[in-house]
S.K.: 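Quick one: the structure is below, questions incoming.
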Amino acid sequence: MIPNSSAARQSNRWVLPIAMALVPLSLAAAVFMGIVDVPANDVISALGGAGSEEARSIILDIRLPRIITGMLAGIQFALAGLLLQTITRNPLADPSLIGVSQGATLTVTLFLLFTVYIFTPGSHTVAELPIGWLPVAGTAGGMIAGGIIYLLAFRLELSPLRITLCGIAVGAVFHAIAIGLIAGWGSARIEIILEWLSGSLYARTWDHAVFLLPFTVAGLVMLPVIHRPLVMLQFDAAVARSFGLSYRRQFSLVLFISCVMAASAVGTVGPIIFVGLVVPHLARFLAGRHFPLVVALTVVLGAIIVTLGDLIGRLIGGAEEVPIGVVTAIIGVPVLLALLRKVP
Amino acid sequence: MPLSCSQLTVRYGHRKALDGFSLSMEKGEIRALIGPNGSGKSTALQALAGLIRPADGQAAIEGVAVASLSRRAIAKKLAFLPQQPSAPDEMTIEQLVRQGRYPHVGLFRSYNRKDEQAIEWALESTGLTSLADRTLAELSGGERQRAWISAALAQEASILLLDEPTSFLDIGYQVEVLDLVHRLSRDRGVTIVMAIHDINQAIAISDRISLLDKGDLQFDGEPTALAQSGLIEKTFRVRGKFVEVAPGKPPHFDVELTKLLR
């Protein structure tokens, strides 16, 4: 009945299986490779709970938690990026566009600034700073920023353009305040905030992975629910509503999901900006017109790219590892430019 | 009565875009909304589709107030095609047309045979079956317009509202769209309201015409009666005369191109 379609589907039939096969491969690569040279045999026995104390510590307490945290964060960034790009109909949308990153930055900054004096007066050492609470502070900040933007846009009229403009405005204000606070500030905290700002998986523990997991699961569970509305939200409001979509409700739901995903991910690993921006484009490039495939690929590629990006950062940096945020930005820019040239 | 409205008033800020508009449609009737730019044609259609909230009055589908119905319930009965709708360039015709089934399938139900048949029929009626896998970016203006009409048809609604469906189409496609509208009304009993600029096309195709001017309803009746009323010349501020083209058929408005010929 429909010519070409079978041929078109044929060509991208293998994309998802291949991408999914790459997940365990990249996971394995990230576990086996690292700055400390742990022999493959020791890695395997460490994974089984045996082996030397040192190998187990490196594999189970350092590498695995940071890799898992990274994968979860990667999935969330990529998905949040895809949702935002879809509903704002802006190919350059990502969690920083709607102010979530900036909101998280501001609360993390404020948190570090005040808690130091409240909990351990006079402290200037990193060890005594309550960094365990950073993910919670960041998540809350991102959600607050998302909420403010939503209310501003809702009062005017919930449209893609309004959300974008409000997001940029609120984001700029938060960013300016955060930078202002950082500028007038002691050195120990600056190190933490800078590391966080560059987007890093350094010293991420199982606590971080456990914190993120419910958010990732919730986001993935919601995907089938928002799938059809998501296709509709690419139309003008009048068209989508004529097709029977409760535009306002579905737009708000998708925006809420992307805010939660972005805020919790930014809170945990810092703004790894380019993942949210580039991965959806890469998925669209590989999957073409088939939207369900684009969504699935976005999830899988989000996990892979953060894992591999972090591995590269660990390997090339040596003892002073390069943060994942820097790696994805440096690799991401040329990739994005290439993709934008090819996309019609 | 499939579709009606009474005393519909729509305000944009202080301006009344539509003032006390009333309409009642018979099943299978074709109604043209005509009037100068900014006369309230689009506003009337959007209010009928429940897309804008009227300041006064109400629209009703089969006697039930549109404002009390969910978007999905409306979409099952009424399809609306706005002017120049936009969609992602990489979407294919078939994907677009499938969206027309949303009110029937909802969030989760999978597409069954009836849905697939509706999609096939919608593509076939608009002559797009062989182009179904083309992306919207690859289409000409006429093909794109037909793709949107096809998506509206896939809704299988008994009421169809079209906002200037023939604008920006060449004369060949214009006739094709009008022919499709006529077939839908006569063969399937679809009730159709469309805003249209070409007065002669409106006169030729519609059962009744509503003439709007600055939000006020100036005329509501059959095309022949409109021709005799002298309202066309007055409302559009032109000179011209109605000439008979065929016995028993509505006349043809021949406009005088004074300013061009002087």
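By convention in this document, chain letters (A, B, ...) are assigned in the order of the sequence lines, proteins followed by strands, and residues within each chain are numbered from 1. A quick note: this is a predicted structure, and the numbers were derived from the prediction, not measured.
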S.K.: Please report the shortest heavy-atom distance between B:Leu45 and B:Leu161, naming the atom on each side.
M.R.: O-CD1, 3.6 Å
S.K.: For B:Ser86, is it the side chain, the backbone, both or neither that has a heavy atom under 4.5 Å from a heavy atom of chain A?
M.R.: both
S.K.: Given heavy-atom pairs under 4.5 angstrom as the criterion, report whether the side chain, backbone, both or neither of B:Gln46 touches chain A.
M.R.: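 Answer is neither: B:Gln46 stays 4.5 Å or more from chain A.
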S.K.: In terms of heavy-atom proximity below 4.5 Å to chain A, should B:Ala79 be classed as side chain, backbone, both, or neither?
M.R.: neither
S.K.: Measure B:Leu51 against the heavy atoms of chain A and call it side chain, backbone, both or neither at under 4.5 Å.
M.R.: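 The answer is both parts of B:Leu51.
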S.K.: For the residue pair B:Ser42 / B:Asp163, report whether a side-chain donor-acceptor contact shorter than 3.5 Å exists.
M.R.: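 Checked: B:Asp163/B:Ser42 side chains pair up, N/O donor to acceptor below 3.5 Å.
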S.K.: Should we count CZ of A:Arg89 as having more than 12 external heavy atoms under 6.0 Å?
M.R.: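 Check passes, neighbour count above 12.
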S.K.: Distance only, no hydrogens: is a donor on one side chain within 3.5 Å (strictly under) of an acceptor on the other, for B:Arg134 and B:Thr92?
M.R.: no
S.K.: Verify, without hydrogens or angle tests, whether B:Asp115 (side chain) and B:Asn112 (backbone) share a donor-acceptor contact under 3.5 angstrom.
M.R.: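 Answer holds: yes.
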S.K.: For A:Ile272 versus A:Phe77, what's the shortest heavy-atom pair and its separation?
M.R.: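 Distance-wise, the nearest heavy atoms are N-CZ, 3.7 Å.
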S.K.: Report which part of B:Gln83 has an atom under 4.5 Å of a heavy atom belonging to chain A: side chain, backbone, both, or neither.
M.R.: neither
S.K.: Counting only heavy atoms not in A:Arg249 (residues, nucleotides, ligands), do more than 12 fall under 6.0 Å from its CZ?
M.R.: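 Counting other residues, nucleotides and ligands, CZ of A:Arg249 stays at 12 neighbours or fewer.
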S.K.: Measure distances from B:Ala154 to the heavy atoms of chain A and classify the residue's part below 4.5 Å as side chain, backbone, both or neither.
M.R.: neither
S.K.: Is chain A contacted by the side chain of B:Pro85, its backbone, both, or neither, given a heavy-atom distance below 4.5 Å?
M.R.: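 Its backbone and side chain both get close to chain A.
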S.K.: Could B:Glu176 and B:Arg146 be called an ion pair, given the rule that one side-chain N must be under 4.0 Å from one carboxylate O?
M.R.: yes
S.K.: Checking an interface table here. Which of residues 97-108 of chain B come within a heavy-atom distance under 4.5 Å of chain A?
M.R.: B:Gln99, B:Gly100, B:Tyr102, B:Pro103, B:Val105, B:Gly106, B:Leu107, B:Phe108
S.K.: Verify, without hydrogens or angle tests, whether B:Thr191 (side chain) and B:Gly28 (backbone) share a donor-acceptor contact under 3.5 angstrom.
M.R.: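 Confirmed, B:Thr191 side chain pairs with B:Gly28 backbone.
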